[in-house]
Each structure stands twice: as C-alpha cells, then as structure tokens.
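We name chains A, B, ... by the order of the sequence lines, and we start the count at 1 in each one. For the numbers below, each heavy atom of this structure counts, side chains included, while hydrogens, waters and symmetry mates do not. Only a predicted model underlies this, so the values are computations on that prediction, with no experimental measurement involved.
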Amino acid sequence: MRFVGFGKEKLMDLFTDQQPTVQQIVKDAYLLKSFALRNQTQLLADLTQLLEASPLRNMVTPGGFSMSVAMSNCGELGWVSDRKGYRYATHDPLTDKPWPAMPNSFRTLAQQSASAVGYENFHPDACLINQYKVGARMSLHQDKNELDFNQPIVSVSLGLPAIFQFGGFERADKTVSLLLEHGDVVVWGGESRLRFHGILPVKAGQNTALNCRINLTFRRAGK
DNA sequence: TAGTGTCC
DNA sequence: CACG
C-alpha cells in the first residue's frame, strides 16, 4: 500500500487492488484506469448520434452565470440547471422532447464499472454528458439532486486529460487531486456518495482524437 | 456558490 | 474572499 499524504485530514489512502487497473480512494471511491477503452468506438459513435438529437448547450446557474461546461443528457432523466435551480427533467428544455435513450454501450459500461468495485445493482436512469473545451472547469459541488443516495456515481472520462478534485462533505474541506485520462472511470458511493468534487480548468492538450474532454456521469436520479 | 471578479 |  502506498500512502499519499494530503493535508490535515490525511484524506487519502491509495492502494492497488488485485486488479491492476482498480484503485480505491478514501472509502467507497474508486479509480479504474483505462476501464472504458475496450468499447470506445461504439461509445463514441453512440455519443455522436444522441448529441444530434439533444445538442450540447451551456446551461445557466441559479446565480445567473453561464457554465463553461457544455451539457446534454441521455436516459429517462436529465440533469438541468437554469435560474430556477438544479433538477432532473424527463424532457430536454431545448427541444421539448424526451432525452435520447441511454445507449446499450453506455449502460453496459456503467454497470460493469459499478460491478467491478462491488456495486452489483446499479440501475442508472440518467447520464449527464459534459463537454469541457480547453479552459472549461467545474467548481466543487455535490451530486445531491438524486432521490436515492444508495446508488453510486459512475464517471467516465474521454478525450483530453483533466485534474479531478475529490473533497470532503463541506466545500472548504481539503481535497485530493487525481489525473483523469482518456478511458478512466471513477466510481463513488456509500459513505463517499455526497463528497464534494470538481474539475480544474482543462489545459490545451496532447494529441488526442478529441480536442476536448467529454465526461459521462451515470446516476440513479429517480426512485 | 455545478461562478466570478477582486483584493492583498 | 465577498458577493448574491
């Protein structure tokens, strides 16, 4: 086991599991390196298709600021933000149509990721698609608009690398930083389900097929 | 506070 | 770090 010291709370013990690609972070949080690479061709094809139906758009926060991350959704429910607040909606406010169905390639990856770290009954009904162009960021926040915190969060990273910050249960708590690269998956649930997390501004990058970072976040939003 | 501008 |  390799201890990685991070500040006052010694937040992180990071160690390698039996599977060389799976690392556990703090409690009930896992990094699966390169886990999404196997099916990436199908994944990207499905992504392109569903974004034609529900395009990426920059949503507005309740405070009135435009988010630097462009978003869309697929699945029964989609996360939306506007001046009224954050919530899940069955329909895309841009098209007034239901969000595109969650492709099998998406669902399978999410469930396999969750199973790989012990969440055997993950049934996502929502997939938030985040596009980070160079410079885009996501400040520390909690995923707490879902109805059932017993199900984990599965986050899939594609394209440009980014630094993921994983914190505590208050915004000011010490955070740890993880480099998330193309194909990496982060899963957190249980006692870590409501930890603050965020993404530092994405830097102009390497020679990737995508000139941006795409993040797929799978959740059980409804009951 | 799922942001931003500004100060020291 | 204050601001809304």
Side-chain angles (χ1 to χ4, degrees), chain A residues 7-8 11 25-26 28-29 31 47 51 54-94 99 102 106 110 124-149 151-180 184-189 192-203 212-222:
Chain A
K8 58 178 183 186
L11 200 56
I25 305 144
V26 193
D28 299 324
L31 169 61
L47 176 65
L51 288 181
S54 278
L56 295 163
R57 83 295 305 263
N58 294 89
M59 297 186 187
V60 172
T61 64
F65 296 103
S66 180
M67 298 176 71
S68 59
V69 176
M71 297 177 164
S72 186
N73 291 277
C74 64
E76 296 167 52
L77 293 170
W79 187 87
V80 295
S81 176
D82 58 24
R83 262 146 281 192
K84 298 176 181 176
Y86 313 132
R87 63 194 173 278
Y88 282 93
T90 57
H91 289 236
D92 180 350
L94 206 61
W99 297 104
M102 189 183 297
F106 280 40
D125 58 9
C127 175
L128 174 60
I129 299 156
N130 290 327
Q131 182 205 47
Y132 295 74
K133 293 181 179 173
V134 171
R137 57 172 293 176
M138 179 86 68
S139 62
L140 285 176
H141 67 278
Q142 296 171 294
D143 292 10
K144 60 178 184 183
N145 299 116
E146 300 76 26
L147 297 181
D148 182 4
F149 296 144
Q151 300 234 359
I153 304 288
V154 173
S155 168
V156 176
S157 294
L158 300 168
L160 292 179
I163 295 175
F164 179 70
Q165 295 192 308
F166 201 62
F169 302 100
E170 295 180 26
R171 187 181 303 279
D173 285 349
K174 182 73 184 174
T175 63
V176 296
S177 297
L178 293 177
L179 178 64
L180 298 185
D184 292 351
V185 180
V186 182
V187 181
W188 66 99
S192 284
R193 176 62 179 72
L194 290 173
R195 282 185 185 271
F196 276 86
H197 55 281
I199 290 285
L200 295 184
V202 172
K203 289 183 288 192
C212 64
R213 171 173 188 266
I214 298 283
N215 179 65
L216 310 176
T217 308
F218 296 90
R219 300 155 177 160
R220 181 73 192 186

- line: Distance col, row A/Asn73:CG vs A/Tyr88:OH, nearest 0.5 angstrom, shows 8.0 Å
task: Quick one: pull up CG in A/Leu31 and CZ in A/Phe166 and give me the separation to the nearest 0.5 Å.
output: 11.0 Å
query: Residues two or more places apart in sequence or in another chain: which of them pass side-chain contact (heavy atoms from CB on, under 4.5 Å) with A/Arg220?
result: A/His123, A/Asp125, A/Gln151
query: With respect to A/Val80, which candidate in A/Arg57, A/Met59, A/Met71 satisfies the side chain to side chain contact (heavy atoms under 4.5 Å, CB included) definition?
result: A/Met59
- request: Report which part of the nucleic acid A/Met67 touches: base, sugar-phosphate, or nothing (heavy-atom distance under 4.0 Å, all strands).
  value: sugar-phosphate
task: Check every strand shown and say whether A/Asn145 touches a base, only sugar-phosphate, or nothing at a heavy-atom separation below 4.0 Å.
output: base
field: Ring geometry between A/Phe218 and A/Phe106 (parallel below 30°, tilted from 30 to 60°, perpendicular above 60°)
entry: perpendicular
query: A/Ser139: what forms a side chain to side chain donor-acceptor pair (under 3.5 Å) with it, not counting sequence neighbours?
result: none
- prompt: How long is the line joining CG of A/Asn58 and P of B/dT4, in whole Å?
  reply: 11 Å
- request: Write down the distance separating the P atoms in B/dC7 and B/dG3, rounded off to the nearest Å.
  value: 23 Å
task: For B/dT1 versus B/dG5, give the span between their C1' atoms, rounded off to a whole number of Å.
output: 14 Å
task: For DNA chain C, list all stems, counting runs of three or more consecutive pairs where every pair is Watson-Crick or G-U wobble with both distances under 3.5 Å.
output: B:3-5 with C:1-3
